[in-house]
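Step one of this worksheet: look at the structure below.
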Amino acid sequence: EAGVVQSPRYKIIEKKQPVAFWCNPISGHNTLYWYLQNLGQGPELLIRYENEEAVDDSQLPKDRFSAERLKGVDSTLKIQPAELGDSAVYLCAVPREGSYEQYFGPGTRLTVT
Amino acid sequence: AQSVAQPEDQVNVAEGNPLTVKCTYSVSGNPYLFWYVQYPNRGLQFLLKYITGDNLVKGSYGFEAEFNKSQTSFHLKKPSALVSDSALYFCAVRDQGGSQGNLIFGKGTKLSVKP
């Protein structure tokens, strides 16, 4: 978890409301990932950034999800409007320098009621 | 398409006994394989990886994993389980296709170590 900050840690909203999650890779990384982890499942990629550019967003539901990484450092993931099925943990990750594994943040647990 | 499978939803082990958490993979080309652990309300922590070299790789907290190409497996092992090892364990493979660098995870195995 060291090196990737996410906020908020927990969020409860009513359906149809907007919500945003924030990720800051403290050490600075060109590559940044957002993953979605449903209860009882492994994480699934939502979007991958190389600096400011989203190079893989094929799994991002673009009708309601959006993301940005304006300065190539921190990133924001937004859902508008949220649906009950969006309840999950949203994880941010960066690659370890010179290696293949990824560092994950603690995640944001979203509950939509 | 690359994928990993974790056939066990849960593994129960007595403290002090050896443990094995199973993972099989399906990839085109050479696999880059990983194990992660997730404790309650925390993010995923990297345990170990296989990229190339010795089939037996050692990682954090006394865990090791054995790469078996003929059986397309990458089982996680520990000689003597601790109660504190109780957590969710995820096997992952690096996407070697169009989404290079992305990790593809299994659904996870819950390890429960009883005193």
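As the structure is a computational prediction, the values presented were derived from the model and not from experiment. In what follows, chains carry the letters A, B, and so on, assigned in the order in which the sequence lines appear, proteins first and then strands, with residues in each chain numbered from 1.
Residues from residues 50-78 of chain B that place a non-hydrogen atom less than 4.5 Å from a non-hydrogen atom of chain A comprise B:I51, given in numerical order. For residues 35-42 of chain A, a heavy-atom distance under 4.5 Å to chain B picks out A:Y35, A:Q37, A:G40, A:Q41, A:G42, given by residue number.
Remark: aromatic rings of A:Y100 and B:F34 are distant, center separation not under 6.0 Å.
The 12-atom threshold is exceeded at CD1 of A:I26, counting heavy atoms of other residues, nucleotides or ligands nearer than 6.0 Å.
Interface remark: A:P43 contributes backbone and side-chain atoms alike to the contact with chain B (heavy atom separation under 4.5 Å). Within the 4.5 angstrom heavy-atom criterion, only side-chain atoms of B:Q38, from C-beta onward, approach chain A.
The candidate with the highest count of non-hydrogen atom pairs below 4.5 Å against chain B, out of A:E44, A:E101, A:R96, is A:E101.
Residues A:Y103 and B:Q45 fail the side-chain proximity criterion, which asks for heavy atoms closer than 4.5 Å.
Atom OG of residue A:S99 and atom CZ of residue B:F46 lie 6.5 Å apart, to the nearest 0.5 angstrom. To the nearest 0.5 Å, atoms CD (A:Q102) and NZ (B:K49) are separated by 12.0 Å. The distance from the CG atom of B:N102 to the CZ atom of A:R48 is 5.0 Å, given to the nearest 0.5 Å.
Under the 3.5 Å distance criterion, the side-chain polar atoms of B:Y36 are left unmatched by any main-chain donor or acceptor of A:F104.
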